[in-house]
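Nothing here was measured: the structure is a model prediction, and the numbers come from that model.
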Amino acid sequence: MSTSVTNKDNQRYSMGSNRIQERSDRFWNGYSKILIRFTQPILLASLVVTVGLTVCFFYFVQIRQFDQTDFIVRNGKAQQNAQRISEIFGNDKDFRAHQQMDLYPALDIIIKRKLSNNSRDINETNMLNKDIIEEIRVLDRHIQSVRINNSKNSLQYNFSALCAVINHACVVDGNYLLSDKFRQDALLLPHIKSGIYFDSLTGANGLSSFIFSKDYKILNTTVPEEDYVDEEEEEEEEDGEKVPEPKPAQFIEVVSYVPLFRIRYSLNISTDAMRSLALQWEREVLRYLNEKFHSSLIHISPSTSTAISDIVGKQARDEGPFMTIMLLIFFIFVGFFISIQGNSHTSVGYLSLCGVINLALASGATFGLLAVFKLQIIEPMALIVFAVAIIDSMRISIVCGEYHRIIKDHLPVSSNNVATKIDIEKILPLIIKSSRPYFLSTTLILIIVYLVLSLLSPMSCTRYLGLTLVLYVFIDYLTHCTFFSACLVFTLKRIKSRRHCLLCHHLPNDHYIKDRRRSFQKVVLEKPLQFWSNRNAMIKKFCTGFLCLISFGFIIFSVWSLFSIDTHLFEDRFLPKNATTLKSYMNSHIDQYNIGPVIMFVIPQPINYENKKNQALIRHLLQQCLNEPTTNQFKLLWLDQENIHTILTSKDPMNVRVTPYSQNDIIVSEINNKTVIKASRFYCQYQTSQGDRNDLQTMNNMYTYAKQSSIPSIFPYSFIFAHYESLAQIRTEIYLLMLFVVLTTFVIIFIIFTSFEKGLLLFSHMLALQAGSLTCLYLFHDLTFNFANALWLFIIPIIFCDTLIHASFNITKSKWKYNRVLLSLIISLSIFSLFSIETYIFHIIRLSLLYQTIICFVLINFILPSWHYLIERMFKKAKEEKLTTATATAAVLESSQPLTASTEIQNLVYEPNGNTIVDGGADGEIRYPNNHPYHTHHVDAYQKLLEDILETELRASKSNLIDLQSLERTRKGIERGDPREFMG
């Protein structure tokens with residue numbers, strides 16, 4: 001009973017899939033007829049629309065630079081908390097650095113002593129030297145004198161003038177190094193335990209851990225004795241009176257060694273106009289210090305708020321033409337490998353050029369459409385063009401490969417039938433049905449994946465990139481279905497009229513026969529395939545099983561390794577080799593400082609600060625922050641500096657009641673004639689700003705501690721939190737993107753092709769391709785998720801989607817149409833590696849493409865066939881049982897049917913020249929000419945009968961009842977009109 005139910009379910013499934021296949025065939029047949037009938041209008045319409053939009057692109061285009069702020073999560077916790085802090089404490093441009101909520105334009109300089117040799121002697125590197133201190137004062141005067149021009153009012157500004165323009169909202173952190181007090185005390189500088197040095201005359205100040213780094217040394221020394229003698233003491237000695245014994249020596253702690261000095265010039269701007277001037281000033285000062293300032297005593301390592309993005313962006317723009325050259329080399333090799341297939345009659349080498357034109361038209365139309373709607377284009381959009389170029393090349397190669405496979409079955413094979421002309425209406429649907437459904441499925445997969453990602457992503461950059469890619473893929477598919485398909489129809493018409501592929505002159509009827517030769521594909525691959533097909537079944541099972549086992553282990557290992565990839569905010573690899581001063585600054589910042597961004601905890605509503613329990617809660621939260629492995633021991637709690645009772649009860653002005661240490665950390669207001677602390681904040685600090693998973697975990701812990709605390713509404717904030725949230729979001733979205741791609745591939749393949757096995761096979765191989773390439777980058781090149789490579793990692797999963805889908809449905813066919821593109825890509829990447837490329841993202845592009853290409857090559861040539869063979873062997877017994885049952889049923893039915901049809905089939909012989917048909921009946925052989933009604937009647941009968949057989953076999957193949965090779969032979973027999981291929 002259960003067997004019959006299962007058979008019925010299989011029949012329903014088979015009938016449903018057949019209906020879907022029939023509808024699909026009708027659609028593509030109709031599309032083919034439209035292409036053949038309206039070739040020229042379709043080509044012209046495609047050109048008019050795409051060229052028109054391309055012109056709009058050049059006329060309306062707006063390109064802007066890209067930086068990491070484009071990844072900021074606009075409605076994230078950090079942004080919301082920053083808005084709350086701004087509402088509570090007001091504008092922070094006059095606040096100290098640790099109280100600010102963003103990085104303002106600034107010039108940061110680390111100064112070291114210049115060495116005559118490589119010696120690291122402590123005396124030669126000590127900065128506590130009068131000549132060194134005087135040289136630093138000279139450096140300050142040079143910096144202060146640098147001027148910039150304001151293009152709006154033709155005025156010139158230096159640092160002091162800019163400070164005046166922005167209401168003196170500028171700070172020189174570490175200006176204590178420039179004070180007279182420091183110059184006087186430098187050789188015997190007392191160590192202050194609080195770490196804060198202050199000049200009461202000028203207000204200059206400096207934090208020891210900032211201006212001296214963490215490696216400064218302290219020494220206990222005696223207080224120097226007074227070098228004068230009191231006159232009364234001399235008289236007492238002369239009179240012989242007893243002189244008091246000398247006082248014991250007093251020891252004090254002094255700073256004996258300082259490895260470096262650090263000064264920071266900040267411009268706390270408040271408007272966009274002032275920001276533009278401040279950025280212009282910091283860039284001009286940086287250029288002056290790198291190019292014009294020279295000193296024989298000190299070595300400076302300057303940096304600005306835009307230094308890294310400026311130098312990386314400039315290097316990428318300078319090396320961008322090398323990417324164009326690599327893409328051109330790739331197209332040349334693809335065109336060459338496509339053109340060598342076939343002869344001067346059937347070659348379609350020029351279709352590669354049509355493919356390049358198709359890519360240009362699709363690109364111009366996409367970005368032209370964006371320009372029409374006045375949407376700005378960011379520089380990394382060029383990466384999308386590069387990825388789609390590889391996709392288009394693979395599609396062109398697949399179409400040309402299918403074209404050559406099909407056209408050779410419709411060309412004359414002997415000198416007896418050279419006059420036979422090909423039927424375009426038969427050939428074009430076969431080419432289209434062997435390629436377009438797979439391209440359509442890939443297009444749907446990419447559109448769905450990136451549309452969903454754009455809707456879910458909180459990052460504007462990812463959202464914009466995803467929607468642009470959706471539009472680009474859609475327009476590219478349309479141009480491929482119109483412009484490129486029209487070019488393919490013109491090619492078929494050229495072959496039908498027997499014209500040369502390039503010169504278009506007429507060829508003799510027997511040219512193809514004379515020029516027939518073995519293709520490169522057969523020469524290279526025929527013997528290896530014959531060798532493999534002749535091997536013992538046990539050897540095949542062992543080899544395929546071994547390969548499948550390796551691929552399964554590779555997938556597990558890759559997925560496991562994928563979750564080990566860390567995040568980084570900055571890496572030394574981002575900078576080019578010539579950025580020596582900036583590298584020196586970053587290395588000093590990492591090696592000699594444990595000062596990172598400050599974390600503030602904000603209490604936004606009044607609480608009873610005199611309550612001991614509340615004070616204990618605040619100190620406990622601060623201690624939790626200090627206990628984190630990524631924070632240092634810096635803490636700033638106003639409760640340790642202020643007298644709460646005095647603040648709440650005193651009638652003095654607020655600037656008297658609150659010490660300078662706590663200014664802008666306490667908001668006091670009068671409510672019902674009673675002084676109330678409306679809001680307050682306190683601080684701890686990161687050790688570094690690397691942005692690895694430990695830093696991100698610390699940020700999440702701060703949110704957790706604040707949420708668990710009994711202090712009402714308390715929340716943490718740091719200006720670095722917005723960047724850390726973006727890094728965490730990038731890592732999450734890359735994982736989600738990979739998951740969406742493999743799941744959507746499985747669903748789309750199952751829906752369109754009604755094949756669960758193919759969907760599952762593609763799921764595993766897509767996962768192996770994507771996870772494997774990232775794992776190789778992680779293991780061999782220490783890949784991290786960062787702002788520099790994030791956009792490329794969002795794009796790369798789409799590149800070989802077409803390849804795997806088409807290859808999985810054509811496992812037994814030639815792989816040369818894929819391999820020639822992969823080989824071209826490997827050659828172009830190898831040539832690209834010979835260029836002196838220093839841009840980090842270009843290295844990531846080259847390496848990721850190289851690993852993906854190699855993995856894709858192994859998958860389609862070895863792993864996919866192995867899984868296919870193994871699955872066939874696993875289900876062979878079930879297939880044989882079903883086939884035996886079907887054969888027995890057919891025998892019973894056959895015994896009850898008349899044998900007229902079979903006898904007639906056996907007596908009819910079709911000659912290959914297509915001119916006559918022979919009836920071998922009882923009266924002897926009778927030959928009928930081609931135009932005789934008997935000939936037409938029986939050929940039509942053959943065609944109808946064989947089409948019925950083919951349809952039956954197609955349904956049986958869906959239920960795994962027959963061998964696919966037999967089905968292929970039947971199909972070829974019907975196409976040629978020769979029943980012997982099937983009957984034999």
Side-chain angles (χ1 to χ4, degrees), residues 94-100 103-104 106-113 125-144 159-160 163 168-219 252-268 298 300-303 585 588-589 592-598 632-636 641 659-665 683 685 687:
D94 296 324
F95 294 174
R96 289 170 290 177
H98 67 276
Q99 298 171 329
Q100 294 174 348
L103 279 179
Y104 289 105
L107 171 69
D108 198 352
I109 307 176
I110 293 178
I111 309 165
K112 294 182 179 180
R113 193 166 175 174
T125 58
N126 192 358
M127 298 293 291
L128 296 177
N129 180 282
K130 288 186 177 181
D131 294 334
I132 299 296
I133 295 173
E134 188 60 36
E135 189 74 5
I136 292 174
R137 294 164 71 94
V138 172
L139 172 64
D140 174 68
R141 289 193 291 270
H142 281 283
I143 293 173
Q144 299 276 2
F159 184 76
S160 301
C163 288
H168 302 279
C170 52
V171 178
V172 181
D173 295 319
N175 58 352
Y176 181 77
L177 298 173
L178 307 173
S179 66
D180 293 334
K181 181 175 177 56
F182 174 71
R183 182 171 58 174
Q184 294 171 2
D185 299 342
L187 298 182
L188 197 63
L189 184 66
H191 174 246
I192 299 177
K193 292 185 178 181
S194 65
I196 301 175
Y197 288 87
F198 186 76
D199 184 1
S200 58
L201 295 178
T202 61
N205 61 82
L207 187 65
S208 60
S209 58
F210 177 82
I211 60 177
F212 298 152
S213 81
K214 66 179 182 180
D215 296 327
Y216 72 94
K217 300 184 182 302
I218 303 169
L219 180 66
I252 62 171
E253 288 184 335
V254 297
V255 177
S256 61
Y257 172 76
V258 174
L260 58 82
F261 289 152
R262 184 177 180 182
I263 304 175
R264 179 183 175 88
Y265 299 81
S266 302
L267 292 168
N268 301 335
I298 59 175
I300 60 173
S301 300
S303 178
Y585 170 85
S588 297
H589 192 274
Q592 297 176 299
Y593 282 92
N594 60 356
I595 299 177
V598 171
N632 57 28
Q633 294 304 306
F634 170 82
K635 64 178 180 178
L636 187 58
Q641 312 292 338
T659 65
Y661 294 102
S662 304
Q663 290 290 339
N664 304 314
D665 287 339
Y683 310 87
Q685 190 176 42
Q687 292 182 6

Item to complete: Measure the CG-NE2 distance between Asn594 and His589 for me, rounded to the nearest 0.5 Å.
Response: 10.0 Å

Worksheet item: Closest heavy-atom contact between Leu267 and Tyr104?
Response: O-CB, 3.5 Å

For a quick test of your reading: what N or O donor-acceptor pairs under 3.5 Å do the side chains of residues 204-214 make, sequence neighbours left out?
unit_1 : atom_1 : unit_2 : atom_2 : d
Asn205 : ND2    : Gly203 : O      : 3.3
Ser208 : OG     : Gly195 : O      : 3.4
Ser208 : OG     : Tyr216 : OH     : 3.4
Ser213 : OG     : Asp215 : N      : 3.3
Lys214 : NZ     : Asp591 : O      : 3.4

Discussion item. If I take atom OG1 from residue Thr125 and atom NZ from residue Lys112, how far apart are they, to the nearest 0.5 angstrom?
Written reply: 9.5 Å

Worksheet item: Can you list the residues that meet the salt bridge (Lys or Arg N to Asp or Glu O under 4.0 Å) rule with Asp108, with sequence neighbours excluded?
Response: Arg262, Arg264

Item to complete: Can you sort out the partners of Ser303 under side-chain hydrogen bond (donor to acceptor under 3.5 Å, both in side chains), two or more places apart, ordered by chain and number?
Response: none

Worksheet item: Of all residues at least two apart in sequence or in a different chain, which pass the side-chain hydrogen bond (donor to acceptor under 3.5 Å, both in side chains) check with Tyr593?
Response: none

Worksheet entry | By side-chain hydrogen bond (donor to acceptor under 3.5 Å, both in side chains) - contacts of Asn632 (at least two apart) | Gln685

Fill in: side chain to side chain donor-acceptor pair (under 3.5 Å): pairs with one or both residues in residues 192-201, sequence neighbours excluded
Asp199-Thr202

Fill in: Which residues share a salt bridge (Lys or Arg N to Asp or Glu O under 4.0 Å) with Glu253, sequence neighbours left out
none

Item to complete: For Arg183, enumerate each residue passing the salt bridge (Lys or Arg N to Asp or Glu O under 4.0 Å) test, keeping only those at least two apart in sequence or located in another chain.
Response: Glu134, Asp180

Discussion item. Once rounded to the nearest 0.5 Å, what's the spacing between atom CG of Leu187 and atom CG of Leu128?
Written reply: 7.5 Å

Fill in: All side-chain contact (heavy atoms from CB on, under 4.5 Å) counterparts of Gln144, not counting sequence neighbours
Asp140, Phe159, Ser160, Tyr265

Practice prompt. Sequence neighbours left out, what passes side-chain contact (heavy atoms from CB on, under 4.5 Å) with Ser256? Give chain and number order.
Written response: Lys217, Leu219

Worksheet item: Atom CD1 in Ile133, atom CD1 in Ile298: separation rounded to 0.5 Å?
Response: 11.5 Å

Worksheet, complete the sentence: With sequence neighbours left out, the residues meeting salt bridge (Lys or Arg N to Asp or Glu O under 4.0 Å) with Asp185 are Lys181

Item to complete: State, to 0.1 Å, how close Val258 and Asn126 come at their nearest heavy-atom pair, and which atoms those are.
Response: N-OD1, 3.1 Å

Worksheet, complete the sentence: To the nearest 0.5 Å, atom CD1 of Ile136 lies from atom CD1 of Ile111 at 4.5 Å

Worksheet entry | Where Gln592 and Leu260 come nearest, the two heavy atoms and their spacing | OE1-CD2, 3.1 Å

Practice prompt. Please name all residues satisfying ring pair (Phe, Tyr, Trp, His ring centres under 6.0 Å) with Tyr683, sequence neighbours left out, ordered by chain then number.
Written response: His98

Fill in: Pairwise distance CG(Leu178) to CG(Leu139) - rounded to 0.5 angstrom
8.5 Å

Worksheet item: If you take all heavy atoms of Pro302 and Leu107, which pair is closest and at what distance?
Response: CB-CD1, 4.2 Å

